[in-house]
Structure formats: C-alpha cells, structure tokens
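First the structure, in the form of structure tokens, and then the observations on it.
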Amino acid sequence: MRNYLNELNEMQKQAVLHKDGPLMIIAGAGSGKTKVLTTRITHLMAAHQVDPFNILALTFTNKAAAEMKERIEHILGTSEARNLYIGTFHSVFARILRTEAPKIGYPNNFTIYDTDDARSVIKTVIHELNLDDKQYKPNVVYNRISAAKNALVGPEEYANDYHLQQEDAKANRPMLGQIFVAYANRCFKNGAMDFDDLLIKMYELLKHYPEALSKYQHKFKYILIDEYQDTNPAQYEIIKLLGAMHENVCVVGDDAQSIYSFRGATIQNILQFRKDYDDVAIVKLEQNYRSTQNILHIANEVIRNNKSQIEKRLFTGNEEGEKIKRVRTLTDNDEGKMVADTIQEQKLRYHLTHNDFAILYRTNAQSRSFEEALRRMGIPYKIYGGISFYQRKEIKDFLAYLRLLVNTHDDEALKRIINYPARGIGKTTLEKVSLLANEKNVSMWEVLCNAALFGFKSGTLESVDNFVTSIKMFQSELPKKNAYDLAILVGKNTGIVKELFNDKTTEGLARYENVQELLNSIKEFIETPLNDEDGEVGDKGLGTYLQQISLLTDADNDDEENADKVKLMTIHASKGLEFTMVFVAGLEETLFPNAMSINTREELEEERRLFYVAITRAKSKLVLSYANARYRFGQLQQNDPSRFLDEIPEEYVERSYSGQASRNHFNNGQQGTAFERMNRGFGYNNFSSAQALEKKKPSYLTPPPRPAVKEHIPSNNFEASSTSLLQEGQKVEHQKFGFGQIVKMEGASHNPIATIHFEQNGEKKIMLNYAKLRIVE
DNA sequence: GATTATATGGTTTTT
DNA sequence: CCATATAATC
C-alpha cells in the first residue's frame, strides 16, 4: 500500500488523522478536498480497521462517488472499497427506502417522479381543483412546494400556517396549500415519490420508527459529507439523526462556493453544525494547488465584495501566470466565434488538447452560439446538461411501460402510454377514466381493469381491454424474465420499436437509435454485478434499474470520459471540475448576474459566488467575455457589461475586442474596423451597434392576428341539411360561423368544398362532408 | 379521434 | 428562437 500520508500538507493531514468526533473541514477552491476525503476514508479502513460497511459517504454526484471508490481501491490495493455506502443523498436514501418503504405506507416498488412528472401531476391536481393554471403556473407551484419540503414543512402544516397563507394570498395564489395537500395525496396514492420526497420520507422514517433509526445509526458509524455548503435543512436533520449515536460526522464545504440556495441549500448548515455538536474540530484548507497566482488573486478580489462569509485566506505556491483576458464582442454569435478562434489558436500555439478547454455560462440557452462556431471550425465538443437522455420523449414513453409494469398505480406512466402507439383511446376516454378513478378513489389502472362495469362504448371498451390484456401479459413475465428481455418483449409487442424504425426522417432515426441505446443500457445494467450486501437490494429487477436511472445526474452519463473534446456547461455543472483554460461567457447585466437574482443582497451574493466558482475552475488561462447585444427571445437585446467585471483590478486584466471584421482579438494592435478602433477602450460606454444590426421586421411581414370567431348562436330550428343539394349563391347557416352565402363550389364530388362568405366571420373554406350547414334559402 | 397548423409564452441554476 | 398548448381541419 502507498504511504498516502506523505502526499498531504499539514492541514490536510490533520483532517485525515482526526478519528472520532465531529469534524468540519472548510476547504477553499482547489485545496484538495476530494483528496482529503478519499484519504480519510482510506485511513479509517487501513489504520483503524473500520469496516467499509459502516462508512457512509454522501457526495454531490454519483460520478464523484464512483471516482472516490476507485481512488480508495487504488490506494488500498483491495476491492474492499466497493462495500462502502457511498452516493448522492438522493440515491443512498432511495436505496434505503426501497427496503423500508412499507413502514411508511409506500410499496417497495415505489416510482420516482422526476421534475417533469411532478409538474404534470401538479397540473392535473390544479385542474381537478377547478383552478386556473394561468394563475397557478405548475412550475411556480412546484418550486414553492419543493421549497417547503426542503425546509421540512409538510402539506398540512403548510396549509394551516397563518404566515404562509398571508404570503400566498398576497402573491395571488391563496389555494397553494390546498394544491400542496392534493399533490402529496396524489403522489402517495400513485405510490410515487418526487426528488424531495426521497429526503422527506427518509426523515419521517428515522423520526417515527425508532427501530429503523437504531438500525441505521448502528450501521453508519462514520459519516462523511462532501459539498456541505449545498445541503438543505431536510438533509441536515437527517444527518443529525443518523449521526446522533456516534457523532462521527465529518463535513467538507466551502461557504464561498454555495450556489444551490434555490434548491433550499443554506450556509446556515455550516454555522449550525458548530452549535449542534460538542467540540467540533475545525480544519481550514487554504492552500490552492490548482490555479495561477493571478487567477486566484482576482478570485479573492471578487469574493471580497460579499458581506457574509467565513474568514479565510487562499494562497498558492503556483506561478504568477498570464493576465486574465477580458473580451468584448458585438453579438453572441461573435462571442461564439471568438471563443472557437481562440481555442484553435491556443491549441496550436501551446500544444493543448481539446480536453484542456471549457466554456462556462450562466444559462443552458447560451450554448447555441458556441456550438455553431465550434462545429463550423470542426472542433469536437461535448455539451453537458440541457435535456438529458432520459428526458427525451421517446425514452420517457418507453420507460413509462416499464414503470407501469412495476407499479400499476403510477397514473403518470399510464397516461403517457395508454394511447402510444395510437390504439384509439383518446382524450375523452382518458378524462372519463381519470374522473372515475377520483370518484372511486382508485388508480386509473383499476378503472381500466373493470372498464366493462363503467359503461364505455363498445369500440373503446375493446381497445381498453386489449391494452389491459397486453399489460397484464407483460406483468406475468415480470418474475420470469430479466429487465432486458422484458424490455425487448415490450418493444416488440407494442410495436414501438417497429414504428420508430419505419420513421425514416432524421429525427425518427435519432429516436430509433435512442431507444436502441436505452435497450443497451438495460442490458449493461443486468450484466454488471451489483454489490448486494446483507440481502438488501441486490436484485437485478426492473425496479432497481428504474430507480437507478431516475437518479442519474448529468455529470454521470458522459459516455467517453476521456474523449478529447471541448466541454460546454453551466457554471453550476462545473462545480468540482478544473480545466487548463476556461472561458466564462456572457458576463452581462441581466444575464450574469441574472435578472432573476438581483432583487436581494442574498441573491446577488449567490450570483457572485457563482462567478467565483467559475473563475476558480481555471488552472492557468482565463477568458471573460461579454457581448454588447445578444439574441434573447428571438430578439436582439443590448446589455451592459456585468458589474462583476468592475470588481477585478485592472492591473491583472488585458482587454481586447472582437467584432465581425477583426480576426485576431489578442494583441491585435491597431487592426480592426474604424468603428471598432473608435470605440476601443470604452468597454462600457453605451455605444450600440445593436441598433444598426437590428433589422426591424416590416409590419407587413407579420400576419395580422387571426380574427376571433364571433360567437354565433344557432337558430332554434337549426338542422343540418343534406350537403348534396348545395349550390353556389345559396344562403346557409353554420353552427359556429353564422349566416353566409356560398361563393364557390369546388373539390371532387365525394369531397366537395364550399367557399362561403359569412356575414360575421368573413370567407372560410368548408369541407361539406364534415360541416353541418342549414340551407336558409 | 388523429393530424396538422397556429398561438402563446417563456429562460436561471438541478437532485 | 424554441417547445408546448390549443385550435382547425381532415
């Protein structure tokens, strides 16, 4: 075994050698916290003979967990590390709940709703309460409910809280509490938990079931938590319960990198930690091993502007390094081009690989211009985030079948697939089923199973019965077949695969390939050994598979880890990563800091921490760029440079400009257009090429809005006449459009089309086979 | 009931 | 500009 202690500095060593009792490690950016965590676990196992089964480590992504495991195995030279209980809060708790769920009234095979599923349930619930989804936007409602859950406020408590009622009344959403209650009930009825429930239900389990609490307290003798600054109160309380027996809780965090308060995370958890445990040992890691002096210096200067923070002083022994580049471009497209050009140039000049570069931005929508520019130059790239594989429609549809097999109460899954592929069960039928399900307080599936009792039309009844029969057939195969064979069966039997295969459009092809990829991933799942321990979850069943994929993080599914590609991602997604050269793009007011987050000091400071995180991803080269104008909502919009740029001392910065005409933006002397030269040195004056660039669409190009149909109340004696008698010139009455005169008759005799001029609604073309017309004269 | 055209409205970040 | 919701048309 390697002598791992020799690889640590003094403070790092302290953190590793501290054995029992609570420990808080304040670890600055690039100070080697992952190394400390892995070494600490290694040391517990190797020097103190702590059984890995008794160690719980919670990380931010599954990938980080896997990496840690790997590193530990590597140092130890054994495979013992695979027995560690390690993963994200959500995946670890999901795993535990998989066995414990019945205690709190959920089935073992509970479904995990992702954000889309949750929003969809909320929407249904809003409609069922006869509320308007314009007033109660599902997204807003979801966020509100999520915030409540993360603060451990349950639905009843929420609905009965006076202050929350006042607040919601003011915000014109007085019924939010009721929606929350209904939503929670519906999820429960569906046997489903959303992301937040994985924390809440874990908490309830430990809180209300002493045996369960005792079991896991005994099991987890040592607890380690990474990225502690991004934990929320629910997570805090769970850890408090779990760690209460041994108090061997080690947390690692950096308040300066707290960027998830929108998810309920609070720095309070760091402050509270010291109060809740006796004798908390505190270790500060302040030496940065990642960045050049210049980069670290401006990072420190920026974060200094935040009022609330824990005292610390980051330093580095690294070289001074290059100055920071600050580049102004005219538009977002120019910004993309500038970045791509620079990557090409730097790559050649310094013999860098594509892997050395990362482009970071505030919002996912910004990726477009970089993508285009990189593709045009033939530079390989990979975008992280955005719509992930498992959110694609074809994937969700396919998975919905599997979800329904495992848990027939999952109405969301059922709704997705009941008419996919089309089998003649439409909106009307679905609404009826939903209504009946609510009335009888059963799942929609149960209504379908007894469809004959509820008087559906014979045609629909047949379709429903066919659907029920085939799902039941799949279910009967559940115990016999493994997840992969079952998925194949579903794909074949439903005709989904064939249907996608026959779609020869580009998108259709992509969808077919995606489904194939999904099948491959299922195959891979059943072929990978799972470390089952003490008879717990070790099955290779469909349920386990579905749970696993629903909790994958974006960072987890990068296919070819070592592929030499430029990486594009949001700053949030870049947390914990490092790159030789980093571009932070879109440093403009309203974008970064984002307009949504400048209303309070707290929000603004979080934006600044985000900027801090972005800067500290860079090892040796950093480019900060902004565009004078960029397309947002399809329109060119002007923005001032970000206020954060002003917080960087000028002597560390090299400014340059890049517009349409100038190619070399670094050290480009007196080149560039006259326009650019005249504007040089005025980084934040309000000059606007944007106005010149903006091509105002002439008004005659935008079609006039379609006139609203003027309401027509059919005459009392309205009765559709036979259309075969119609002739030009006749006066008619239409049920909706009112009175009019036939201008023209055309079309084949079996499908005649009449052009009718209506008094109230103008000329319309009407297909006589479908329209109901009364001949007036 | 399904398919296609149009309207609307929305962007912060994610387990 | 984009994706989704609603309406028109088949």
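Just so it is clear: chains get the letters A, B, ... in the order the sequence lines come, proteins before strands, and each one is counted from 1.
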Options B:dT15, B:dT14, B:dT11, nucleotide nearest the side-chain atoms of A:M596: B:dT11

Residue A:N139, side-chain atoms from C-beta onward, closest of B:dT11, B:dT12, B:dT14: B:dT11

Distance below 4.0 Å between A:S91 side-chain N/O and B:dT15 OP1 or OP2: no

Sugar-phosphate only, base, or nothing, as touched by A:D196 at under 4.0 Å among non-hydrogen atoms: nothing

C1' spacing across the pair B:dT11 / C:dT6, given as an integer number of angstrom: 22 Å

Phosphate contact (B:dG1 OP1 or OP2) by A:N419 side-chain N/O below 4.0 Å: no

Selected nucleotide, minimal atom distance to A:T88 side chain, candidates B:dT15, B:dT11, B:dT14: B:dT15

Between B:dT15 (P) and A:Q548 (CD): distance, integer Å: 15 Å

Sugar-phosphate, base or nothing in reach of A:Y260, heavy atoms under 4.0 Å: sugar-phosphate

Per A:K123 side chain, nearest of listed nucleotides C:dA5, B:dT12, B:dT14: C:dA5

Nearest-neighbour nucleotide for the A:K134 side chain, B:dT11, B:dG9, B:dT14 considered: B:dG9

Check: A:Y626/A:D640 side-chain N/O donor and acceptor closer than 3.5 Å: no

Nucleotide nearest A:S597 (side chain, heavy atoms from C-beta), chosen from B:dT15, B:dT12, B:dT13: B:dT12

Cationic tip of A:R368 above A:Y631 ring, under 6.0 Å, 45° of axis: no

Within 6.0 Å of NZ in A:K137, more than 12 heavy atoms from elsewhere: no

Selection from B:dT15, B:dT13, B:dA2 that lies nearest to any side-chain heavy atom of A:A422: B:dA2

Among A:Q235, A:Q257, A:K575, side-chain hydrogen bond (donor to acceptor under 3.5 Å, both in side chains) partner for A:D230: A:K575

Residue whose nearest DNA chain B nucleotide is more 5′ - A:K427 or A:L610: A:K427

Touch class at under 4.0 angstrom, heavy-atom based, for A:K137 against every strand present: sugar-phosphate

Which nucleotide in B:dT11, B:dT15, C:dA5 has an atom nearest any side-chain atom of A:T115: B:dT15

Residue-phosphate contact under 4.0 Å: A:T428 side-chain N/O, B:dG1 OP1/OP2: yes

C1' gap between B:dT12 and C:dA5, integer Å: 23 Å

Please table the atom pairs, donor to acceptor, closer than 3.5 Å between any side-chain atom in residues 421-428 of chain A and protein atoms at least two apart or in another chain.
unit_1	atom_1	unit_2	atom_2	d
A:R423	NH1	A:I417	O	2.8
A:R423	NH1	A:I418	O	2.7
A:R423	NH2	A:Y401	OH	2.8

First of A:I259 and A:G634 reached from the 5' end of DNA chain B, by closest nucleotide: A:G634

Closest nucleotide among B:dT15, B:dG1, B:dT13 to the A:Y142 side chain: B:dT15

Pair A:Y113 + A:Y183: ring centers closer than 6.0 Å: no

A:N143 side-chain N/O to B:dT12 phosphate OP1/OP2 under 4.0 Å: no

B:dT12 pyrimidine/purine six-ring stacking with A:F262, under 5.5 Å and 30°: no

